[in-house]
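The structure presented is a predicted model; accordingly, all values stated were derived computationally and were not measured. Any value given below was found using the heavy atoms of this structure, including those in side chains, with hydrogens, waters and symmetry copies removed.
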Amino acid sequence: MSTIERRYRVAVLPGDGIGPEVVSQAVRVLEAAAERHGFGTEARYYPVGGAALDAHLDVLPKETLGACLESDAILLGAVGGPQWDDVAPDQRPERALLRLRKELGVFVNLRPVAVLEGASGASPLRPDVVEGVDLVVVRELTGGIYFGASFEMPDEGTDRVESAGNVMEYTRFEIERVARKAFELARQRRGRVTSVDKANVLAVSRLWRAVVSELHASEYDDVALEHLYVDNAAMQLVRQPRAFDVILTGNLFGDILSDLAATLPGSLGMLPSASLGGRHGLFEPVHGSAPEIVGTGRANPLAAILSVAMMLDFLGETEAAETVRAAVTTVLAAGYRTADMETESSRPLATGQMGAAVAASVSGQATDEQDFLAEQLYSHL
């Protein structure tokens with residue numbers, strides 16, 4: 001009989017494109033962390049997105065959704081790809097993700113962006129600009145323009161669309177609950193929130209700014225608050241990224257700004273995310289399905305691995321989460337990089353090799369920056 005008392009059920013949704021490749025490495029690291037820190041995991045795999053469509057299922061199969069609702073956490077790879085561009089709008093792979101977020105009740109997305117030690121050389125920006133960057137984008141996830149009403153008006157007598165529109169709408173309740181998450185997070189970090197909107201043009205942004213300001217004044221005046229228009233925020237993210245601590249914003253702006261922030265560490269392949277708010281947590285890399293590099297070994301699994309670290313925090317396994325983050329830092333400090341982050345002085349690794357390196361470090365195997373687990377790297381592909 002097993003003596004392990006802490007066990008977690010994880011629904012694994014590899015999805016499309018490079019999703020299965022990076023998720024397999026993330027699960028490898030999760031299992032290494034579980035073994036080292038004395039808890040158990042039960043990872044079960046389910047189809048979603050284009051992979052589900054190819055299996056003649058709904059884009060979000062009932063079995064998949066049911067498994068997610070019964071699990072302690074969900075690990076998602078990526079959804080979408082050009083081969084599904086012509087399917088019906090409600091069956092596009094991306095709709096699975098929107099529906100999953102809604103069903104799980106996850107209304108806030110956390111996207112940490114950090115330039116880890118030894119990794120600034122991969123950034124297109126100067127090292128003196130990006131070294132030490134440590135910020136989190138807090139994005140509202142289940143409201144705004146992605147979930148608002150939409151319309152398409154056809155040109156009479158033709159198949160062409162003459163006009164189209166989408167409604168960006170927020171309620172006071174939706175804004176307040178995500179703002180509360182941002183302020184609480186800032187209290188655990190450096191105590192500064194930057195709220196991003198377009199209040200000089202949009203009525204919905206004027207409501208956003210008013211609600212955030214009122215909540216700050218009534219409950220969080222110990223946290224510094226500033227407001228930026230989204231265009232200025234984008235510019236400042238590139239000019240002086242170290243000035244940011246917690247960035248609070250809506251669904252559309254958060255989607256764009258968090259991808260822009262990927263330029264800071266040098267790759268989308270370094271950005272994890274956690275979608276929270278309900279009983280369940282949904283964890284996924286930010287990078288998307290990247291169909292152009294499927295099967296080439298060029299996919300970077302570190303965003304998926306760092307998403308596992310966020311999952312471990314969510315499950316209360318904070319020591320294991322720190323072990324995973326430390327392992328990623330160790331591998332990068334040794335100069336190892338996947339193709340998306342290569343520099344003239346880096347040491348290239350394929351997807352599976354990078355996963356093996358991090359898992360070996362998590363397991364506590366000795367490392368050396370001059371000869372970092374060479375045997376492990378090339379025998380565990």
Side-chain angles (χ1 to χ4, degrees), residues 10-31 41 43-61 63-65 67-68 71 73-85 87 91-101 104 106 109 111 141 255 258-259 262 267-275 280-311 324 328 338-341 349-356 358-359 381:
V10 179
V12 181
L13 283 53
D16 309 321
I18 63 171
E21 299 175 35
V22 298
V23 161
S24 65
Q25 302 309 314
V27 172
R28 169 188 277 186
V29 171
L30 173 63
E31 291 171 347
T41 59
R44 295 192 175 184
Y45 292 73
Y46 301 91
V48 71
L53 289 177
D54 288 350
H56 307 290
L57 301 169
D58 182 75
V59 68
L60 179 60
E63 181 186 8
T64 298
L65 177 58
C68 291
S71 297
I74 301 100
L75 177 63
L76 174 69
V79 293
Q83 61 267 52
W84 301 291
D85 282 349
V87 301
Q91 284 296 293
R92 288 183 63 86
E94 294 80 5
R95 299 300 300 178
L97 184 53
L98 297 180
R99 285 166 53 188
L100 185 59
R101 290 169 178 169
L104 294 175
V106 290
N109 182 244
R111 294 189 173 185
L141 201 59
D255 191 359
S258 57
D259 282 2
S267 171
L268 277 171
M270 286 296 298
L271 268 63
S273 78
S275 299
H280 307 276
L282 172 64
F283 304 88
E284 58 180 309
V286 172
H287 52 58
S289 62
E292 67 278 3
I293 61 170
V294 171
T296 66
R298 296 172 62 86
N300 186 346
L302 292 181
I305 290 170
L306 290 169
S307 295
V308 162
M310 298 184 78
M311 176 193 295
V324 171
V328 171
T338 44
D340 56 314
M341 297 184 67
L349 294 182
T351 306
Q353 292 171 331
M354 181 62 83
V358 177
L381 303 184

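- Taking each heavy atom of T351 and A299 in turn, the nearest pair found is OG1-O, 2.7 Å.
- For R92, the CZ atom counts as densely surrounded, since its 6.0 Å shell holds more than 12 non-hydrogen atoms of other residues, nucleotides or ligands.
- To the nearest 0.5 Å, the span separating NE2 on H287 from CG on L271 amounts to 10.0 Å.
- In this structure, S289 contributes its side chain and G80 its backbone to a donor-acceptor pair below 3.5 Å.
- Put simply, the side chain of M270 reaches to within 4.5 Å of the side chain of N300, judged on heavy atoms.
- Nearest heavy-atom pair, A96 versus V59, reported as atom, atom and distance to 0.1 Å: CB-O, 3.5 Å.
- At least one side-chain heavy atom of M311 sits under 4.5 Å from a side-chain heavy atom of V10.
- Atom-to-atom distance recorded for I305:CD1 and L30:CG is 11.0 Å, nearest 0.5 angstrom.
- Taking OH from Y46 and CD1 from I74, the interatomic distance works out to 11.0 Å, rounded to the nearest 0.5 Å.
- Heavy atoms only, all atoms of each residue included: P285 and G77 are closest at CG-O, 3.5 Å.
- Residue S307 comes nearest to S273 through the heavy atom pair OG-N, 3.5 Å, listed as atom of the first residue, atom of the second, then distance.
- In plain terms, the two heavy atoms of G288 and I18 that are nearest each other are O-CG1, 3.8 Å.
- Judged by distance alone, the side chain of R101 and the main-chain N or O of L282 form no donor-acceptor pair under 3.5 Å.
- Scanning for side-chain hydrogen bond (donor to acceptor under 3.5 Å, both in side chains) contacts around D255 gives Y146, with sequence neighbours left out.
- By the 4.5 Å heavy-atom criterion applied to side chains, V23 and L75 are counted as neighbours.
- Interatomic distance, CG of L60 versus CG of L97, reported as 9.5 Å (0.5 Å rounding).
- Of all non-hydrogen atoms in L76 and V79, the two that sit nearest each other are CD1-CG1, 4.4 Å.
- In this structure, CG in L302 is found 6.0 Å from OG1 in T338, a value given to the nearest 0.5 Å.
- Listed by first and then second residue, the salt bridge (charged side-chain N to carboxylate O under 4.0 Å, His left out) pairs that reach into residues 44-57 are E42-R44, sequence neighbours excluded.
- Once rounded to the nearest 0.5 Å, the distance linking CG of L349 with CE of M354 reads 5.0 Å.
- A 4.5 Å side-chain heavy-atom check between Q25 and V29 finds every atom pair outside the cut-off.
- For residues 285-301, no pair satisfies salt bridge (charged side-chain N to carboxylate O under 4.0 Å, His left out), with sequence neighbours left out.
- Remark: S267 engages D340 in a side-chain hydrogen bond (donor to acceptor under 3.5 Å, both in side chains) (not counting sequence neighbours).
- Within the structure, salt bridge (charged side-chain N to carboxylate O under 4.0 Å, His left out) contacts touching residues 11-21 (residues at least two apart or in different chains) do not occur.
- Judged as a side-chain hydrogen bond (donor to acceptor under 3.5 Å, both in side chains), and not counting sequence neighbours, the contacts of N109 are R111, S275.
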